[in-house]
Q: 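Can you keep this structure in mind? I'll have questions shortly.
Side chains included, hydrogens not; waters and symmetry mates left out as well; all remaining heavy atoms used. This is a predicted model, so every value here is computed, not measured. FYI, the numbering just counts along the sequence from 1.
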Amino acid sequence: MANTYHLQIVSLDGLEYDGEVQKILLRTIDGDVEILARHTDYCTAIGMGTARVTMGDGQERKAACIGGMLSVMHGEVRVLPTTWEWSEDIDIERAKEAKAKAEERLKDHMLDKEARIRAEAKLYRALVRLGSAGHGQDHHLQ
């Protein structure tokens with residue numbers, strides 16, 4: 001297939017995907033990026049959001065993608081996320097609990113700046129997971 005390329009996704013948990021795809025769409029620190037076949041060499045840091053991978057057969061899969069690096073070199077695309085969770089693997093109850101816990105923490109007006117930043121990050125990660133799994137507000141690429 002001329003419109004596909006090799007994608008490898010390796011998170012801190014190990015190999016998440018290794019095969020042919022038509023495209024990947026994900027959030028970087030500079031904005032949303034879609035990588036198609038024959039993309040120019042490129043490297044950037046990954047942000048936090050829902051990634052969409054269109055497989056070689058045209059089927060789309062979503063995943064919560066948080067942090068890491070994206071590299072395109074000589075037609076090979078590597079995504080090295082800190083966290084990668086395919087939508088079907090997300091523990092929705094755990095994400096809801098994390099969201100509730102972070103929201104409760106943020107109600108504390110005595111939090112110092114650092115604690116507030118950590119609580120906001122935890123809340124956003126929970127929202128990304130819930131959005132990627134199709135529950136709650138979607139914090140991803142439209």
Q: Starting at CD of Gln59, measure out to OG1 of Thr54 and round the result to the nearest 0.5 Å.
A: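 One gets 10.0 Å once the value is rounded to the nearest 0.5 Å.
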
Q: For the NZ atom of Lys62 and the CD atom of Glu88, what is their distance to the nearest 0.5 Å?
A: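 Result: 10.5 Å between the selected atoms.
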
Q: Between Asp13 (side chain only) and Thr83 (backbone N and O only), is there a donor and an acceptor less than 3.5 Å apart?
A: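 Not at all, since once roles are kept as given, no pair shorter than 3.5 Å links the two residues.
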
Q: Heavy atoms only: give me the nearest Cys43-Met69 pair and the separation to one decimal.
A: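 Closest heavy-atom pair between Cys43 and Met69: SG-CE, 3.5 Å.
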
Q: What pair of heavy atoms forms the shortest contact from Ala64 to Ile90, and how long is it?
A: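 Looking at all heavy atoms of both residues, the closest pair is CB-CD1, 4.2 Å.
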
Q: For a quick test of reading the model, state the closest non-hydrogen atom pair linking Arg105 to Ala115 and the distance between them.
A: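 So the two residues come closest at NH2-CB, 4.0 Å.
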
Q: Salt bridge check, Lys101 against Glu97: does any charged N sit closer than 4.0 Å to a carboxylate O?
A: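 No, Glu97 and Lys101 are not salt-bridged.
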
Q: Trp86 and Val21: same hydrophobic cluster, using ILVMFWY side-chain contacts below 4.5 Å?
A: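 Yes: a chain of side-chain contacts under 4.5 Å links Trp86 to Val21.
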
Q: Could you report the tightest heavy-atom contact between Gly68 and Thr82, atom names first, then the distance?
A: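 What the structure gives for the nearest pair is N-OG1, 3.5 Å.
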
Q: Tell me whether Leu106 shares a hydrophobic cluster with Leu127, the cluster being built from Ile, Leu, Val, Met, Phe, Trp, Tyr side chains joined at under 4.5 Å.
A: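 Yes: a chain of side-chain contacts under 4.5 Å links Leu106 to Leu127.
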
Q: Starting from Val79, can I reach Leu15 by hopping between I/L/V/M/F/W/Y residues whose side chains sit under 4.5 Å apart?
A: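 Shared cluster, no.
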
Q: Starting from the C-alpha separation in whole Å, work towards a yes-or-no answer on side-chain contact (heavy atoms from CB on, under 4.5 Å) for Val77 and Gln8.
A: CA-CA 6 Å; Val77 180; Gln8 189 176 63; over 6 Å; no

Q: Any side-chain heavy atom of Leu36 sitting closer than 4.5 Å to one from Gln22?
A: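 Heavy-atom side-chain distance check fails, nothing below 4.5 Å.
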
Q: Using 4.0 Å as the upper bound for N to carboxylate O, is an ion pair formed by Lys99 and Glu103?
A: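 Yes, this pair counts.
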
Q: Give a yes or no on whether the backbone of Ile9 and the side-chain of Glu16 come within a donor-acceptor separation of less than 3.5 Å.
A: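 Not confirmed, Glu16 side chain does not pair with Ile9 backbone.
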
Q: Provide the closest heavy-atom pair for Trp84 versus Ile24 in the form atom of the first, atom of the second, distance.
A: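 Reported closest heavy-atom pair: CH2-CD1, 4.3 Å.
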
Q: Please check if the side chain of Arg27 supplies one atom and the backbone of Thr50 the other of a donor-acceptor pair under 3.5 Å.
A: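 Flag not set: sc Arg27 to bb Thr50 has no pair under 3.5 Å.
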
Q: Could you grab the distance from atom OG of Ser132 to atom CD of Glu85, nearest 0.5 Å is fine?
A: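 That separation rounds to 8.5 Å.
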
Q: Taking Arg38 for the side chain and Asn3 for the main chain, is one N or O donor matched with an acceptor at less than 3.5 Å?
A: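 No, Arg38 side chain to Asn3 backbone: no donor-acceptor pair under 3.5 Å.
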
Q: May I ask you to test the Thr40-Val72 pair for a side-chain heavy-atom distance under 4.5 Å?
A: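 They are not in side-chain contact.
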
Q: Please report the interatomic distance CG(Leu7) to CE(Met55), rounded to the nearest 0.5 Å.
A: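 Between Leu7 CG and Met55 CE, I get 8.0 Å after rounding to 0.5 Å.
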
Q: Please tell me if the side chains of Arg125 and Ile66 come closer than 4.5 Å, counting only heavy atoms from C-beta onward.
A: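 Side chain of Arg125 against side chain of Ile66, heavy atoms only: contact under 4.5 Å found.
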
Q: Identify the residue among Glu120, Arg116, Arg118 that makes a side chain to side chain contact (heavy atoms under 4.5 Å, CB included) with Leu111.
A: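 Among Glu120, Arg116, Arg118, the one that satisfies the side chain to side chain contact (heavy atoms under 4.5 Å, CB included) with Leu111 is Arg116.
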
Q: With rounding to the nearest 0.5 Å, note down the distance linking CD1 in Ile35 to CG in Leu25.
A: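 So the gap between those two atoms works out to 9.5 Å.
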
Q: Around Arg94, counting heavy atoms of other residues, nucleotides and ligands shown, do more than 12 lie under 6.0 Å from its CZ?
A: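 Open: at most 12 neighbouring heavy atoms sit under 6.0 Å from CZ of Arg94.
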
Q: Any side-chain heavy atom of Val128 within less than 4.5 Å of one from Leu130?
A: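 Result no, sub-4.5 Å side-chain heavy-atom pair not found.
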
Q: Might you work through the side-chain contact (heavy atoms from CB on, under 4.5 Å) test for Glu76 and Arg78, ending with a clear yes or no?
A: CA-CA 7 Å; Glu76 291 284 317; Arg78 287 184 183 82; 3.8 Å; yes

Q: Pairs in or reaching into residues 9-40: which pass ring-ring contact (aromatic ring centres under 6.0 Å, His included), with residues at least two apart or in two chains?
A: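 Qualifying pairs: His39-Tyr42.
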
Q: Heavy atoms only: give me the nearest Thr44-Ile29 pair and the separation to one decimal.
A: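 Residues Thr44 and Ile29, closest heavy atoms: OG1-CG1, 4.3 Å.
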
Q: In terms of side-chain heavy atoms, does Glu20 have a donor or acceptor partner in Thr4 at a distance below 3.5 Å?
A: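 Short answer, yes.
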
Q: What I'd like to find out is whether the side chain of Cys65 reaches to under 4.5 Å of the side chain of Ile46, using heavy atoms alone.
A: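 Answer yes - side chains close enough.
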
